[in-house]
Participant: 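Structure in structure tokens, see below.
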2 protein chains.
Amino acid sequence: MTLPERTVERLSEYRRSLLQCLEEGKTHIFSHELAELHHNTAVQVRRDIMFIGYTSMQRKGYDLRELVDVIGDILDSERGLNVAVIGIGNLGRAVTTYFVGKRSKLNIIATFDVDTTKIDRVISGVKCYPLSRLNEVVKAQQISIAILTVPADSAAEVTAQLVEADIKGLMNFTTVPLNVPPDVYLDEFDMITSLEKVAYFVKSPQN
Amino acid sequence: MTLPERTVERLSEYRRSLLQCLEEGKTHIFSHELAELHHNTAVQVRRDIMFIGYTSMQRKGYDLRELVDVIGDILDSERGLNVAVIGIGNLGRAVTTYFVGKRSKLNIIATFDVDTTKIDRVISGVKCYPLSRLNEVVKAQQISIAILTVPADSAAEVTAQLVEADIKGLMNFTTVPLNVPPDVYLDEFDMITSLEKVAYFVKSPQN
DNA sequence: TTGAATCTGTGATTTAATTAACAATATTTT
DNA sequence: AAAATATTGTTAATTAAATCACAGATTCAA
Ligand SMILES: NC(=O)c1ccc[n+]([C@@H]2O[C@H](COP(=O)([O-])OP(=O)(O)OC[C@H]3O[C@@H](n4cnc5c(N)ncnc54)[C@H](O)[C@@H]3O)[C@@H](O)[C@H]2O)c1
Ligand SMILES: NC(=O)c1ccc[n+]([C@@H]2O[C@H](COP(=O)([O-])OP(=O)(O)OC[C@H]3O[C@@H](n4cnc5c(N)ncnc54)[C@H](O)[C@@H]3O)[C@@H](O)[C@H]2O)c1
């Protein structure tokens with residue numbers, strides 16, 4: 001079964017709302033309630049849930065616990081996945097600190113840099129390795145995902161090394177577009193573009 | 001004329017590549033060259049350029065300088081737009097430092113926080129104001145865009161204040177979905193979702 | 001216990017975005 | 001200067017995503 005990309009994203013978002021609701025003591029939720037928590041419609045929610053093959057007790061809404069579990073079955077790997085942050089500057093540190101706080105199936109277990117003043121330091125409990133040890137550490141620690149926060153001018157080169165080290169997923173925060181082979185999943189977040197888009201729509205409102 | 005959202009994003013990306021090419025002394029670029037710099041096709045590039053009504057000298061490729069200017073006419077506001085960062089913690093500081101380095105039409109000119117140890121401090125040349133002065137400063141400095149990097153549990157409340165202060169564009173980095181009136185443009189970047197999506201596609205490759 | 005109301009699941013339709021296909025035009029080659 | 005080649009601009013076709021529309025299923029109200 002192959003899920004639409006947007007559906008995958010929304011499932012991740014739904015899950016957090018659902019967990020929140022559980023904490024508040026709720027046990028069930030209607031599609032229109034979940035829709036309202038996101039900027040979304042009830043049909044969209046039902047369609048997404050249909051994709052993952054979950055069906056609710058009619059008229060009672062979705063069972064929060066069950067739905068969270070089904071989403072987990074879809075999104076999570078049994079034993080979690082290991083993640084490395086490459087380039088532990090301002091952004092890399094913020095991201096590392098943020099994620100290490102969360103208990104989740106995604107574990108940031110190593111960071112890499114070339115700056116000798118950073119190497120061997122521990123940030124939020126995660127050790128910083130020299131980039132030269134990338135291959136070795138990635139293999140030893142079974143890291144499959146990298147978060148790229150190196151300066152723009154080394155992005156391409158470091159990416160080649162990551163591919164070489166057999167990384168399978170890459171989240172790119174640098175503002176240079178990267179090329180990876182088709183078996184590596186790449187997600188890029190270009191902050192400049194995002195801001196420029198906001199600016200465009202502020203300047204030229206659409207309605 | 002109303003541009004597809006994805007086209008707006010790509011134009012922003014193209015522009016940076018074009019400027020890069022200009023610096024390297026090039027004067028023209030073919031659609032397939034530009035496509036190759038992004039992960040993109042020549043048709044897509046031409047289609048995007050068609051949307052903005054620019055047409056090249058046939059067979060010579062696009063004139064870099066002209067194309068950059070046309071994209072600027074579309075994306076930029078004449079006098080630039082003023083931006084504030086709300087919540088000057090790890091991420092807020094990284095973003096502020098990053099953007100202040102760039103000369104661009106988007107000027108981060110104020111930051112806001114509630115932590116008294118941060119208020120009145122200057123980060124990368126930008127002063128931090130108490131959130132209580134939001135309305136006043138936003139009006140005085142004609143700030144139209146906000147970057148939201150406050151803790152999740154204050155996101156909704158702060159957003160209401162931003163809307164009240166008549167902010168017209170909002171880039172949300174918190175991982176809670178926000179509700180804003182239709183005349184406020186909202187872009188959300190949910191880092192958890194992005195990473196979970198990468199993890200999903202690593203776990204379940206699509207081909 | 002019938003009728004109205006509420007909510008889900010899904011086929012059909014619409015809309016948005018991408019890709020294919022190709023005519024038009026300029027350049028190069030012979 | 002005719003033929004071959006390269007590149008653009010655009011119409012048409014395709015694909016992906018979102019929305020509509022409505023048939024069931026269940027509950028509630030009288
Ligand atoms: N800071 C932001 O908010 C922000 C916003 C948008 C984009 N970015 C992008 O994210 C990247 C990092 O931004 P930053 O502000 O953290 O920069 P930074 O300069 O603070 O950090 C970069 C880090 O990467 C390290 N580094 C350099 N070369 C390396 C290499 N070859 N291998 C591994 N590490 C290497 C440096 O030592 C440094 O620690 C940049 O590409 C930037 O364009 C950052
Ligand atoms: N750090 C990351 O990489 C990262 C990643 C994903 C999401 N986020 C989100 O971004 C936000 C900020 O993350 P962070 O790591 O910078 O957190 P942080 O705790 O370092 O910073 C939060 C800042 O907001 C300030 N603040 C608190 N309440 C405020 C209010 N009402 N008004 C203005 N300022 C207020 C705090 O004083 C602090 O300076 C969080 O919502 C987090 O979920 C951060």
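Labels below follow one simple rule: chain letters A, B, ... track the order of the sequence lines, proteins then strands, and each chain is numbered from 1. Treat the numbers as computed from the prediction; the structure is a model and nothing was measured.
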Participant: Please identify each residue that fulfils side-chain hydrogen bond (donor to acceptor under 3.5 Å, both in side chains) with Ser124(B), with sequence neighbours left out.
Facilitator: Thr97(B)

Participant: Measure from CD1 on Ile29(A) to C1' on dC7(C) and round the result to the nearest Å.
Facilitator: 14 Å

Participant: Using whole Å, what does the distance between atom P of nucleotide dC7(C) and atom CG of Leu34(A) come to?
Facilitator: 14 Å

Participant: Among pairs that include at least one residue of residues 72-115 of chain A, which meet ring-ring contact (aromatic ring centres under 6.0 Å, His included), considering only residues two or more places apart or in two chains?
Facilitator: Phe112(A)-Tyr129(A)

Participant: Reading nucleotides 17-30 of chain C from the 5' end, what letters show protein touch, with B for base, S for backbone sugar-phosphate only, - for no heavy atom under 4.0 Å?
Facilitator: SSBB----SBS---

Participant: Write out all pairs satisfying side-chain hydrogen bond (donor to acceptor under 3.5 Å, both in side chains) with one or both partners inside residues 158-174 of chain B, taking only residues at least two apart or from two chains.
Facilitator: Asp166(B)-Lys168(B), Lys168(B)-Asp183(B), Asn172(B)-Thr174(B), Asn172(B)-Glu188(B)

Participant: Taking N or O atoms only and anything under 3.5 Å, show me the protein contacts with nucleotides 1-4 of chain D, one pair per line.
Facilitator:
none

Participant: What closest approach, in Å, do His38(A) and Pro177(B) show between heavy atoms, and which atom pair accounts for it?
Facilitator: ND1-CG, 3.9 Å

Participant: Are OP1 or OP2 of dT8(D) and a side-chain N or O of Ser31(B) less than 4.0 angstrom apart?
Facilitator: yes

Participant: Establish, from distance only, whether the side-chain atoms of Asp73(B) and Tyr54(B) form a donor-acceptor pair under 3.5 Å.
Facilitator: no

Participant: Do Thr111(A) and Arg93(A) get their side chains close enough for a donor-acceptor pair, meaning under 3.5 Å?
Facilitator: no

Participant: Roughly how many Å is it from CD in Glu33(A) to C1' in dT8(C), rounded to a whole number?
Facilitator: 14 Å

Participant: Using C1' atoms of five pairs at each end, report the bend of the helix from dT1(C)-dA30(D) to dT30(C)-dA1(D) rounded to 10 degrees.
Facilitator: 0°

Participant: Looking at Ser56(B), does any N or O in its side chain come under 4.0 Å of the phosphate oxygens OP1/OP2 on dT8(D)?
Facilitator: no

